[in-house]
Amino acid sequence: MAKHYDVAIIGAGAAGMMCAATAAQRGKRVLLVDHAGKLAEKIRISGGGRCNFTNINAGPQNFLSENPHFCRSALSRYTPHDFLALVKKHRIAYHEKHRGQLFCDDSSEQIIAMLTAECDAGGVHWRMPCKVAGVTRSADGFRIDTDGEPILASNVVVATGGLSIPKIGATDLGYRIAKHFDLKIVETRPGLVPLTFDGPSWQPFVPLAGIALEVDVVTGSKKGKNSKYGYFREDLLFTHRGLSGPAVLQISSYWQPGTPIVLNLLPEMDVAEELIGMKTTVKKQLGNVLSQWLPTRLAEGLVLGNGFALDARLPDMADAKLRKLGDAINRWAIVPTGSEGYKKAEVTLGGVDTRELSQQTMMANNVPGLYFIGETVDVTGWLGGYNFQWAWASGVAAGSAIE
């Protein structure tokens, strides 16, 4: 006879371990199942190996979803300060970086060890590596078919993550389970991902690879019911294939194929007005003037890319041409042809439709005892610790509700 558990959690990542620890410490008999042999690989590689484990400013406004209010309940009941209290309890040294991002001083392994210890404190049972074939209803709740003996449980929590970074084991298992139980899926696509451009049109920018600078980036429109408008001020990185860096990773989650992103390379300055105002007092070449404000290679690339000679002098330029150049710098509209895909995406947009779930418990409305948490769900955070905070909060919401 297969053992029977109060809850089986499929996926031993951030959300799954948090849920397991929460339920087990409430006295539930918990089994944590994962197909990987190595625990929590996504935590391990995050933040350059130091795990950007939360963002102190995390709130509903930092998340994308077809149902944007869904995440509010879980995030309000388990906040970044709650997770920070756990980090401090385990005496993990941490520091704050850019815009509220919190990282381990030492290693992401500390977060994995902390979650493992919290699971052990509740007596969580583990089955790894264990490949799940599917989940069906049984007389006593649910049956999970695996490559070993089947698992029987009164409740099942699906914490299998999304499709991003397949080389560390990402699969579509969570979505397949949802579809088996007739739950709707919001179409998935890569998020927090570098954007690419077709070869010939990007060729003039290839020599700029490696240049980084802080920019404003915008996409979409505030008008229209279904419009996805995004705006960020972050660092931009030119690559051989396109654009990356935090600015592009952030905006990629809002970008819709076929539409432009608009970059302001000098967000603190009206470039045209500045150049026109300098014409009577500055005798320098145009490239040298721009090099005062931008990296030299980029300044020269912009001069050439907008039809000026490198030795063109500022006083010789017509105001209309300087306005055109200013627009190219302050309002550079460029249409990506695609992205680097799931292999480079940090998260998966879309997932199990939140209108199918209870925002208090994460349980499927029409399938009592079946829960979905973390990245499997159509809730996607910004870059900078927000997705981990959703993992912790949704894991605690389900773990606290399981009967």
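Source: prediction; values computed, not measured.
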Residues passing the side chain to side chain contact (heavy atoms under 4.5 Å, CB included) test with Asp235, sequence neighbours excluded, are Glu214, Pro246
Give me each pair satisfying ring pair (Phe, Tyr, Trp, His ring centres under 6.0 Å) with a member in residues 36-72, each pair once, sequence neighbours excluded. Phe53-Phe83
Does anything in residues 253-276 pair up under salt bridge (Lys or Arg N to Asp or Glu O under 4.0 Å), and if so which pairs, sequence neighbours excluded? Arg233-Glu268, Glu273-Arg323
Taking all heavy atoms of Ala20 and all of Val124, pick out the closest pair and write down the distance. O-CG2, 3.7 Å
Whether Arg29 engages the ring of Tyr5 as a cation-pi pair (distance to the six-membered ring centre under 6.0 angstrom, angle to the ring normal within 45°) should be assessed. yes
Basic-acidic side-chain contact under 4.0 Å: Glu109, Arg50: no
Pairs satisfying salt bridge (Lys or Arg N to Asp or Glu O under 4.0 Å), at least one member in residues 394-403, at least two apart: Arg26-Glu403
Which pairs count as ring pair (Phe, Tyr, Trp, His ring centres under 6.0 Å) when at least one residue sits in residues 6-42, sequence neighbours excluded? none
Indicate yes or no: does Arg355 engage Asp378 in a salt bridge with an N to O separation below 4.0 Å. no
Within the distance-only criterion (no hydrogens, no angle test), does the side chain of Asn155 pair as donor or acceptor with the backbone N or O of Val7 below 3.5 angstrom? no
Please list all pairs passing the salt bridge (Lys or Arg N to Asp or Glu O under 4.0 Å) test where one or both residues lie in residues 86-97, with sequence neighbours left out. Lys89-Glu118
Is the shortest heavy-atom distance from the side chain of Lys279 to the side chain of Leu275 under 4.5 Å? no
Does the pair Arg143/Asp145 count as a salt bridge with the N-to-O cut at 4.0 Å? yes
Check Leu192 against Gln250 and note the closest heavy-atom contact, atom names and distance. CD2-OE1, 3.9 Å
Determine whether the aromatic ring centres of residues Phe197 and Phe205 are separated by less than 6.0 angstrom. no
Measure up the Phe388 and Trp392 rings against each other and bin them: parallel (under 30°), tilted (30 to 60°), perpendicular (over 60°). parallel
